[in-house]
A.B. asks: 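One structure follows; several queries about it will come next.
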Amino acid sequence: MESFDPELIIASPGRINLIGEHTDYNMGYVLPTAIDKKITFNFRKNETERDCNIYSAGFDARLKADLSEISRSETEWENYILGVLHEISKRTDKLRGFDCSIESNLPLGSGVSSSAAMECGLAFGLNELFHLGLGKKEIVTLSQQAEHSYVGTQCGIMDQFASVMSREGHVILLDCKTLAHSYIPIAIHPYKILLLNTHVSHNLASSEYNTRRKECEEGVAVLQKKDPALQTLRDASIKMLAGSKAGMSSIVYNRCRFIIEENDRVLAMAEALKNNNLKKVGALLYEGHTGLSALYGISCPESDFLVDFSRSIPEVLGARQMGGGFGGCTINLVEENEAENYIGAIFRAYREKFNIELTAFDALPSEGTAIVYKK
C-alpha cells in the first residue's frame with residue numbers, strides 16, 4: 001500500500017512562531033507563519049465503506065482503521081490520525097474508505113508543530129477527496145479538537161491556524177479569542193530566520209503544557225475576585241495583576257506576568273515589522289526568552305546556552321526558545337552572509353558543553369496546507 005498512484009497529493013507545513021508563546025490558550029495574540037518544511041500526504045479512495053489504510057514512512061508503520069469503530073490507540077502517532085477521523089465523523093457522514101501514505105521532512109520534537117501539520121494535512125486532504133464541504137476554519141478547529149480529545153494536549157488554536165491559513169512571505173497577527181487576523185509582510189533581508197535544533201527532549205513538554213494551562217486558570221480565578229467580568233489573561237494588565245498578587249502563589253503570579261507581557265510583545269513585534277525596525281524585533285526575541293526561562297519556567301539548560309551564546313555575536317539580532325518548551329529549537333535572526341560562520345561557532349561550543357550535535361535549518365515563511373496534485 002505504501003506505493004500507489006494517488007488521486008490527490010497534499011502538502012501541510014510546520015510552523016514557526018515569531019513571538020507569542022503559550023498566549024494562544026490564554027486567548028491572546030500570536031505571530032506565527034507556516035514554513036517551507038512540510039508533511040506530504042498521498043491519497044486515494046479504496047472503494048470500501050469504512051476501511052482506512054495509513055502508512056507513515058517516518059515511523060515505517062501502518063495503521064488500519066475502521067470508520068465505524070474509531071477509538072484511541074496506545075500508539076501516540078496513531079491518535080493524531082484517529083482523532084481527525086473521529087472529529088470529521090462527528091460533522092459529516094460522507095467519509096468513506098481510503099488509502100494514505102505520509103512522508104515528512106519536518107524534524108520531530110523540534111517545536112515546529114509536526115502534530116498540527118499531520119492533523120491539518122489529513123483533514124484538508126479528506127475534505128478534498130470526499131467533497132465534505134468543510135471550510136478552512138472548520139478544518140483548523142476540528143484538528144485542534146482532535147489533539148484535545150485523542151492526543152490529550154490541551155493546545156490552543158495557533159498551530160493549526162498557522163498550518164492552514166498562512167501566506168507565503170507573511171506572518172499572521174492572530175487574535176486567538178476572536179480568530180480575527182491580519183497578514184504582515186516579513187521583510188528581514190539582510191537577515192534570515194535560522195532554527196537550531198537542540199536535539200534534547202526532557203519529556204516534560206506535554207505534561208507541563210497542561211500544568212501551565214492550569215496555573216494560568218488559577219491566576220484568572222484570583223483576578224476574577226476583583227473583576228468578575230474578566231474571562232482570560234488576555235483581558236488582564238500588569239496593574240491588575242499587581243493588585244491581586246497577594247492572593248496567588250509566586251509561581252502563578254510569574255506565569256500570569258509572562259502571559260500579559262508576552263501579549264504586549266506580540267503587538268510590539270507586529271508594529272516593528274510594519275516599520276521595518278529589525279533591531280526592535282531582535283530585542284523582543286531576547287525579552288521573550290528571558291520571560292520563558294525566568295517566569296514561565298519552560299526553558300532548559302541547552303536552550304538557555306544557545307540563546308546566551310548568541311547575545312555576544314553582533315550578526316545575531318535576537319534569539320529565543322520556540323515551541324512548547326524543554327528543548328526543541330531556538331529561533332535566531334541571523335545576518336545571511338555570516339550564518340555559516342555563526343553555525344560553525346555555535347556547533348563547536350554546544351558540542352563542547354553538552355556533547356550533543358546541533359542541527360540547523362533555515363525557515364522560510366510559506367503558504368499553508370495546499371493541494372500539490374489532483375487527478
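The analysis underlying the following values was restricted to heavy atoms, covering all of them including side chains, and did not include hydrogens, waters or symmetry mates.
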A.B. asks: Under the criterion side chain to side chain donor-acceptor pair (under 3.5 Å), I'd like the reasoning laid out for Ser68 against Arg50: C-alpha separation, chi angles, the key distance, then a yes or no.
C.D. replies: CA-CA 7 Å; Ser68 64; Arg50 61 189 192 186; 3.3 Å; yes
A.B. asks: Can you check whether Met27's main-chain N or O pairs, donor with acceptor, with Arg234's side chain at less than 3.5 Å?
C.D. replies: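 Present.
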A.B. asks: Would you tabulate the side-chain donor-acceptor contacts of residues 79-89 under 3.5 Å, counting partners in other chains and residues two or more places apart, or write 'none'?
C.D. replies:
unit_1	atom_1	unit_2	atom_2	d
Asn79	OD1	Ser73	N	2.7
Asn79	ND2	Ser73	O	2.9
Glu87	OE1	Lys90	NZ	3.2
Glu87	OE1	Arg91	NH1	2.9
Glu87	OE2	Lys90	NZ	3.4
Ser89	OG	Leu85	O	2.8

A.B. asks: Distance-only, no hydrogens or angles: does the Ser303 side chain make a donor-acceptor pair with backbone N or O of Cys300 under 3.5 Å?
C.D. replies: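 A pair under 3.5 Å: no.
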A.B. asks: With sequence neighbours excluded, what pairs up with Lys45 under the salt bridge (Lys or Arg N to Asp or Glu O under 4.0 Å) test?
C.D. replies: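 For Lys45 there are no salt bridge (Lys or Arg N to Asp or Glu O under 4.0 Å) partners, ignoring immediate neighbours.
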A.B. asks: Taking C-beta and beyond as the side chain, do Ile251 and Arg255 meet within less than 4.5 Å on heavy atoms?
C.D. replies: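 Contact flag for Ile251/Arg255 side chains = yes.
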A.B. asks: Side chains of residues 275-283: which donor-acceptor partners sit under 3.5 Å, not counting sequence neighbours?
C.D. replies:
unit_1	atom_1	unit_2	atom_2	d
Asn275	ND2	Glu271	O	3.1
Asn277	OD1	Lys280	N	3.1

A.B. asks: Can you name the closest pair of heavy atoms from Tyr286 and Leu317 and give their distance?
C.D. replies: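 Taking every non-hydrogen atom into account, CE1-O, 3.5 Å.
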A.B. asks: Should Tyr183 and His181 be marked as a ring pair (Phe, Tyr, Trp, His ring centres under 6.0 Å) after you check the CA-CA gap, both sets of side-chain angles, and the distance that decides it?
C.D. replies: CA-CA 7 Å; Tyr183 294 92; His181 60 285; 5.6 Å; yes
A.B. asks: Does any N or O in the side chain of His289 come within less than 3.5 Å of the main-chain N or O of Gln321, such that one atom is a donor and the other an acceptor?
C.D. replies: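 Such a contact is found between His289 side chain and Gln321 backbone.
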A.B. asks: Give a yes or no on whether the backbone of Lys64 and the side-chain of Asp51 come within a donor-acceptor separation of less than 3.5 Å.
C.D. replies: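 Here the side-chain-to-backbone pair does not exist.
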A.B. asks: Cationic tip of Arg44 within the cone over Phe4's six-membered ring, i.e. under 6.0 Å and within 45° of the normal?
C.D. replies: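 Relative to the ring axis of Phe4, which defines the angle, Arg44 lies inside both limits.
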A.B. asks: Has Gln144 got a side-chain atom pairing as donor or acceptor with Cys155's backbone, closer than 3.5 angstrom?
C.D. replies: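 Yes.
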